[in-house]
Amino acid sequence: MPEGHTLRRLAEDLSGAFGGRVVAVSSPQGRFAEEAQLLDGTEFLGADSAGKHLFLDFEDERVVHIHLGLYGKFPIHRGEARPAVGQVRLRLVAAAEDGREPAYADLRGATQCALVDSDHRAGVLDRLGPDPLRAGADPAPAWQRISRTHRPIGELLMDQQVLAGVGNVYRAELLFRHRIHPLRPGKTLRRGQFLAMWQDLVELMPAGVRSNRIDTVRPEHLPPGPRPAGRGGDVYVYRRQGLPCLVCGTAIRTQVLAGRNSFWCPKCQPVYRSRARSSAAS
DNA sequence: AGCCTATGCGAAC
DNA sequence: TTCGCCTAGGCTG
């Protein structure tokens with residue numbers, strides 16, 4: 001379930017559970033065994049996220065770079081560690097100590113888990129666009145890129161070199177909230193429109209960190225009655241193809257864009273038409 | 001049980 | 001553009 005808010009929340013939770021503690025590091029699966037051995041018994045300083053990347057800081061400036069990919073997981077458990085089941089690439093264990101509970105965390109299914117140095121980490125950060133979750137992040141570089149290309153905005157929002165941390169759910173929902181069609185060329189957006197979208201992310205994504213889910217529906221658009229107890233958040237269009245738009249009732253549409261299914265309301269997000277220059281046109 | 005899909009992304013073709 | 005990663009939930013049967 002990883003968009004930027006998931007990784008930020010994970011970094012905070014890992015820091016809370018293991019920060020400042022000497023940890024046992026292992027790789028039950030074996031693919032990270034040599035690296036785990038180097039880190040085993042050292043102090044875990046804390047975790048940080050950047051976009052969808054996660055960094056674990058250990059003493060002596062050793063860093064573990066993790067990317068969960070589409071279905072990686074890194075759940076934290078309280079209590080004594082149970083035997084690892086399945087393919088656990090990395091396990092952190094902290095023993096009980098002065099008031100703190102024992103805890104452990106198992107990493108599975110990640111596309112990336114590597115012991116790196118600070119140069120590598122800097123390189124990853126250099127390749128990322130501004131992250132709305134990073135305090136003080138400057139949206140200007142993102143606007144520079146968006147305003148200069150014909151590439152569709154629905155593709156640009158997913159490009160981590162343009163914006164870091166936005167994934168398929170935030171893409172779909174942000175475009176709906178701003179009534180923008182996913183295929184609209186970047187350079188046809190007005191600066192004010194982009195800045196409004198950025199500001200929306202600056203508010204939506206921290207809310208996602210707090211709740212650990214993505215909710216984007218404004219109160220006035222929430223369907224009446226109790227909220228379904230599912231794990232997913234309240235969304236306008238994501239994976240709602242064929243269902244009625246929460247605002248206008250039109251059937252939500254879907255189409256693959258940037259390799260992923262994108263979703264939009266054809267009425268609330270009309271296809272962009274450039275302003276006609278001649279009254280003779282059409 | 002088996003199949004499909006998925007909040008991602010890099011490598012291979 | 002397609003594949004691989006190799007998890008997990010939901011649906012079908």
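In what follows, chains carry the letters A, B, and so on, assigned in the order in which the sequence lines appear, proteins first and then strands, with residues in each chain numbered from 1.
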Whole Å only: how far is the [atom1] atom of [X] from the [atom2] atom of [N]?
{"X": "Arg108(A)", "N": "dA8(C)", "atom1": "CZ", "atom2": "C1'", "value": "11 Å"}
{"X": "Leu257(A)", "N": "dG8(B)", "atom1": "CG", "atom2": "P", "value": "13 Å"}
{"X": "His53(A)", "N": "dG10(B)", "atom1": "NE2", "atom2": "C1'", "value": "11 Å"}
{"X": "Leu157(A)", "N": "dG8(B)", "atom1": "CG", "atom2": "C1'", "value": "16 Å"}
{"X": "Leu107(A)", "N": "dC5(C)", "atom1": "CG", "atom2": "P", "value": "17 Å"}
{"X": "Lys73(A)", "N": "dC5(C)", "atom1": "NZ", "atom2": "P", "value": "18 Å"}
{"X": "Glu3(A)", "N": "dG8(B)", "atom1": "CD", "atom2": "P", "value": "5 Å"}
{"X": "Arg171(A)", "N": "dC9(B)", "atom1": "CZ", "atom2": "C1'", "value": "14 Å"}

- Task: Examine dC9(B): is either OP1 or OP2 under 4.0 Å from a nitrogen or oxygen in the side chain of His67(A)? Give yes or no.
- Result: yes
Pick out the pairs of N or O atoms, protein on one side and nucleotides 11-13 of chain B on the other, that lie under 3.5 Å.
none

- Residues Leu133(A), Leu7(A); criterion side chain to side chain contact (heavy atoms under 4.5 Å, CB included); working and verdict: CA-CA 10 Å; Leu133(A) 282 172; Leu7(A) 279 300; over 6 Å; no
- Have Glu173(A) and Thr216(A) got a donor and an acceptor in their side chains that come within less than 3.5 Å? yes
- Task: Return yes if a side-chain donor-acceptor contact under 3.5 Å exists between Arg91(A) and Ser26(A), otherwise no.
- Result: no
- For the pair Glu61(A) (side chain) and Ser118(A) (backbone), establish whether a donor and an acceptor sit closer than 3.5 Å, ignoring hydrogens and angles. no
- Task: Determine the interatomic distance between P on dG10(B) and the same-named atom on dA8(C); round to the nearest Å.
- Result: 23 Å
- Query: How far, in whole Å, is dT5(B) from dG13(C) if one measures between their P atoms?
  - Reply: 14 Å
- Query: Which is true for Gln112(A) with a 4.0 Å heavy-atom rule: it touches a base, it touches only sugar-phosphate, or it touches nothing?
  - Reply: nothing
Distances under 3.5 Å between protein N/O atoms and the N/O atoms of nucleotides 4-6 of chain B, please, pair by pair.
{"from": "dA6(B)", "atom 1": "OP1", "to": "Asn261(A)", "atom 2": "ND2", "distance (Å)": "3.1"}
{"from": "dA6(B)", "atom 1": "OP2", "to": "Asn261(A)", "atom 2": "ND2", "distance (Å)": "3.4"}
{"from": "dA6(B)", "atom 1": "O3'", "to": "Tyr238(A)", "atom 2": "OH", "distance (Å)": "3.0"}

Should [X] and [Y] count as side-chain neighbours, where that means a heavy-atom distance under 4.5 Å?
{"X": "Ile252(A)", "Y": "Cys245(A)", "answer": "yes"}
{"X": "Leu201(A)", "Y": "Leu174(A)", "answer": "yes"}
{"X": "Glu35(A)", "Y": "Val64(A)", "answer": "no"}

- Task: For salt bridge (Lys or Arg N to Asp or Glu O under 4.0 Å), just list the numbers for Arg171(A) and Asp159(A), CA-CA rounded to whole Å, side-chain angles, deciding distance to a tenth of an Å, and then say yes or no.
- Result: CA-CA 10 Å; Arg171(A) 158 175 82 166; Asp159(A) 184 339; over 6 Å; no
- Under 30°, 30 to 60°, or over 60°: which ring-plane class applies to Tyr170(A) and His5(A), parallel, tilted or perpendicular? perpendicular
